[in-house]
Every structure is written in C-alpha cells, then in structure tokens.
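The next block holds one structure in the form of structure tokens; read it before the comments.
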Amino acid sequence: MKLPLYFASSSKVWSSPEWVYGIEECGYDGWEISADGNYRLDNPEAFAKIKEIMETTHLAISVHAPFTDLNIGSLNDPIYRESIRQMQLCVTKAADITDVVTIHPGYVSPHGRLVPQKVWNLHKEALREIGATGIDTGVRVCLENMPKIPDFLCMEADEHYGMIEGVDGIHATVDLGHANTTGQVKSYLDCIGTATHMHIHDNRGRSDEHLALGAGSIDWDAAGARICAAYHGICVVEGRNLDEAAISRDVFRRCFR
C-alpha cells in the first residue's frame with residue numbers, strides 16, 4: 001500500500017504562504033501546517049489564507065500544534081493552564097480542516113527535577129484534557145517523541161508510550177529523525193505498527209538537523225521496508241526547504257515500497 005506523503009517546514013512559519021504551492025508541484029500529497037507564527041489557526045486572517053490554499057490545491061492537511069514558549073509539564077500554573085488552552089484551541093480549530101494534530105510534550109524545569117513524579121502527573125492530566133478535546137471534535141491528537149535536548153520528556157520510546165498509556169484520545173506521532181538523535185530508531189521501528197502519525201527527516205545522530213532523507217545516518221532502505229510492512233498512516237517529511245523536499249521525495253519513493 002502506498003503511504004501518503006506530506007511536507008512540513010517549521011522554518012517557514014514567518015514566511016508568506018505562497019511557498020506552500022510548491023509542495024504540490026513537488027509531488028507531495030499533503031501539507032502539515034506548523035500552526036505557529038503566520039500560520040496560527042486562531043488568527044482569522046491566517047486561517048482564511050490556509051483555507052484559500054486548500055481550495056486552490058489538491059493538498060490534504062494535517063496540523064502540528066504550536067509549541068513556542070508552551071510547556072504542558074510546567075509547575076507554574078498560569079503557564080501550564082495557558083499551554084493546555086492553546087493546544088485545545090488548536091485542536092478545536094483544526095477540526096475544520098483535518099482529523100490529526102500532533103502536539104509536543106513538555107519539559108522539566110530546574111525545580112521540576114526535584115519533583116519528577118509531580119511533573120509526570122501534571123503532564124498526564126494535561127494530556128487527558130487535550131485528549132478529551134480531541135474526542136469531542138473528532139481529531140486524533142498525537143504526542144510526538146522529542147530529540148536529544150536536555151530536560152524534554154518523551155525522548156525514549158518507553159517513556160513516550162508510557163506517557164500516553166491509559167489516556168483517552170491521545171495517540172503517538174513517531175518522529176524517526178528525533179529518534180536517531182537518542183539512539184531509539186530500532187525501538188520505534190519495533191513498535192511502528194502502533195503509531196498513528198509519523199515524521200521523517202535525517203540527521204547525523206548528534207542533533208536535530210532536519211536534513212533531507214539520505215543526507216544523514218538513518219538507513220532508509222531498512223526503515224522504509226519496516227514502516228511499509230506495519231504502518232498505515234501518513235508520513236510527513238519535515239524539511240528545511242523545497243529543494244531538499246524534492247530529494248526526500250525521491251528517497252521516499254525508492255525506499256518506502
């Protein structure tokens with residue numbers, strides 16, 4: 001079965017949206033909106049432009065919720081509540097254009113390191129609230145694994161899946177590029193059939209570079225075969241620009257068969 005291929009670029013969040021037309025010209029099936037900067041769904045002008053693009057292309061849509069300055073693991077209650085509110089609002093707005101939204105996990109503050117169980121419990125409760133919004137709106141909310149950045153939650157598969165376990169309305173986005181920075185590619189491929197959504201990009205295993213497929217150290221021949229055998233969702237190339245999107249498209253077509 002041919003997996004749908006979408007493109008996203010968080011580096012374009014302050015760009016004029018005309019660049020999005022190049023996604024379809026490059027042969028992609030869809031666009032994952034990075035709903036930050038000029039693409040926030042709660043901005044009426046931005047949302048109107050997004051709908052205009054949808055009406056003038058054949059691109060399908062998924063959404064990545066905003067994460068700038070947000071932390072659903074915060075011990076600072078006003079920031080915690082605002083982080084939940086913004087993610088719930090994004091899910092509600094996104095329901096008009098898609099049925100899948102990816103969210104980032106939170107991170108542990110210096111004081112949070114003193115009470116890790118409290119952070120875990122707060123994070124779980126935040127996911128329950130956001131997941132309930134997903135259920136109410138018909139949107140699959142998917143928690144993403146993080147790259148190797150100190151203090152982020154969900155950098156490893158066991159913690160990632162443990163965080164969503166028993167939380168209604170929350171699913172898994174597996175980011176294989178992020179997994180490469182934490183030595184978790186095999187762990188995620190071993191459970192890839194349980195993922196609802198997927199991000200793919202490359203790096204050299206040391207940092208989150210978002211290189212074109214094939215430009216880093218991930219074995220895409222092996223990964224593509226395992227993903228195609230077990231995974232049934234969308235693959236989103238998270239890239240830096242459309243030139244590299246074309247390279248990733250060609251690697252995807254060769255390896256994901």
- Query: Does K186 make a cation-pi contact with Y188 (under 6.0 Å, within 45 degrees of the axis)?
  - Reply: no
Spacing of [atom1] belonging to [X] relative to [atom2] belonging to [Y], to within rounding of 0.5 Å:
X: F67; Y: S10; atom1: CZ; atom2: OG; value: 5.5 Å
X: R204; Y: I218; atom1: CZ; atom2: CD1; value: 12.0 Å
X: M198; Y: C142; atom1: CE; atom2: SG; value: 11.5 Å
X: E244; Y: S9; atom1: CD; atom2: OG; value: 9.5 Å
X: S11; Y: E238; atom1: OG; atom2: CD; value: 10.5 Å
X: L59; Y: E24; atom1: CG; atom2: CD; value: 4.5 Å

How close do [X] and [Y] get, heavy atom to heavy atom, and via which atoms?
X: A46; Y: R40; answer: CB-O, 3.6 Å
X: A157; Y: Q184; answer: N-OE1, 2.8 Å
X: C90; Y: A35; answer: SG-CB, 4.3 Å
X: L153; Y: P105; answer: O-CG, 3.5 Å
X: I72; Y: S83; answer: CG2-CB, 3.9 Å

[X] with [Y], same ILVMFWY side-chain cluster at under 4.5 Å:
X: M146; Y: I192; result: no
X: L242; Y: I53; result: yes
X: L5; Y: F7; result: yes
X: M163; Y: L75; result: yes
X: V63; Y: I50; result: yes

So do the side chains of [X] and [Y] get within less than 4.5 Å of each other, counting heavy atoms only?
X: R226; Y: D190; result: yes
X: P147; Y: M155; result: no
X: V236; Y: I200; result: no
X: I227; Y: L189; result: yes
X: I97; Y: K51; result: yes
X: V13; Y: N38; result: no
X: S248; Y: W220; result: no
X: I164; Y: Y161; result: yes

- Task: Assess whether side chain to side chain contact (heavy atoms under 4.5 Å, CB included) is satisfied between K2 and D29, documenting all intermediate values.
- Result: CA-CA 11 Å; K2 179 179 178 290; D29 303 303; 3.4 Å; yes
Between the side chains of [X] and [Y], is a donor N or O closer than 3.5 angstrom to an acceptor N or O?
X: S74; Y: Y107; answer: no
X: N203; Y: N180; answer: yes
X: D36; Y: T68; answer: yes

- When the ring planes of F252 and F256 are compared, do they come out parallel, tilted or perpendicular, using 30° and 60° as the limits?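 Taking F256 first and then F252, their aromatic rings lie parallel (interplane angle under 30°).
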- Task: Tell me, with the steps shown, if R85 and E82 meet side chain to side chain contact (heavy atoms under 4.5 Å, CB included).
- Result: CA-CA 5 Å; R85 187 195 71 83; E82 178 61 16; 2.8 Å; yes
- Query: Would the H178 and H201 ring centres measure less than 6.0 Å apart?
  - Reply: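 H178 vs H201: aromatic centres under 6.0 Å.
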Got a sec: does the [atom1] of [X] have more than 12 other heavy atoms crowding it under 6.0 Å?
X: E18; atom1: CD; answer: yes
X: D221; atom1: CG; answer: yes
X: K12; atom1: NZ; answer: yes
X: K49; atom1: NZ; answer: yes
X: D69; atom1: CG; answer: no

- Query: Considering the options T196, T102, N145, which one meets the side-chain hydrogen bond (donor to acceptor under 3.5 Å, both in side chains) requirement together with T173?
  - Reply: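 Only one of T196, T102, N145 forms a side-chain hydrogen bond (donor to acceptor under 3.5 Å, both in side chains) with T173, namely T102.
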- Task: List for me each residue that meets side chain to side chain donor-acceptor pair (under 3.5 Å) alongside H104, sequence neighbours excluded, and say none if there are none.
- Result: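 Testing H104 for side chain to side chain donor-acceptor pair (under 3.5 Å), a comparison that skips the adjacent residues, returns H64, E144.
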- Item | CA sep, side-chain torsions, deciding dist, call: N241, W19, side-chain hydrogen bond (donor to acceptor under 3.5 Å, both in side chains) | CA-CA 9 Å; N241 55 61; W19 74 273; over 6 Å; no
Would you say the side-chain atoms of [X] pair up with the backbone N or O of [Y], donor to acceptor, closer than 3.5 Å?
X: D202; Y: L213; value: no
X: Y28; Y: A245; value: yes
X: Y39; Y: S15; value: yes
X: E129; Y: I84; value: no
X: R249; Y: G27; value: no

- Name of the residue among I234, V101, L143 meeting side-chain contact (heavy atoms from CB on, under 4.5 Å) with H197: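 Exactly one pass, corresponding to I234.
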- Task: Before giving the answer on side-chain hydrogen bond (donor to acceptor under 3.5 Å, both in side chains), spell out for N121 and Q117 the whole-Å C-alpha distance, their side-chain angles and the decisive distance to 0.1 Å.
- Result: CA-CA 6 Å; N121 293 342; Q117 188 62 51; 3.0 Å; yes
Less than 4.0 Å between a side-chain N and a carboxylate O, is that true for [Y] and [X]?
X: R81; Y: D77; result: no
X: K148; Y: D208; result: no
X: D42; Y: K93; result: no

- Message: Go through it in stages, so that I can follow the logic: the residues are E32 and T98, the test is side chain to side chain contact (heavy atoms under 4.5 Å, CB included), and I'd like the CA-CA distance, side-chain angles, deciding distance and then a yes or no.
- Response: CA-CA 10 Å; E32 179 154 294; T98 188; over 6 Å; no
- Run the side chain to side chain contact (heavy atoms under 4.5 Å, CB included) check on N71 and Y80 step by step: do they pass? CA-CA 6 Å; N71 181 11; Y80 176 71; over 6 Å; no
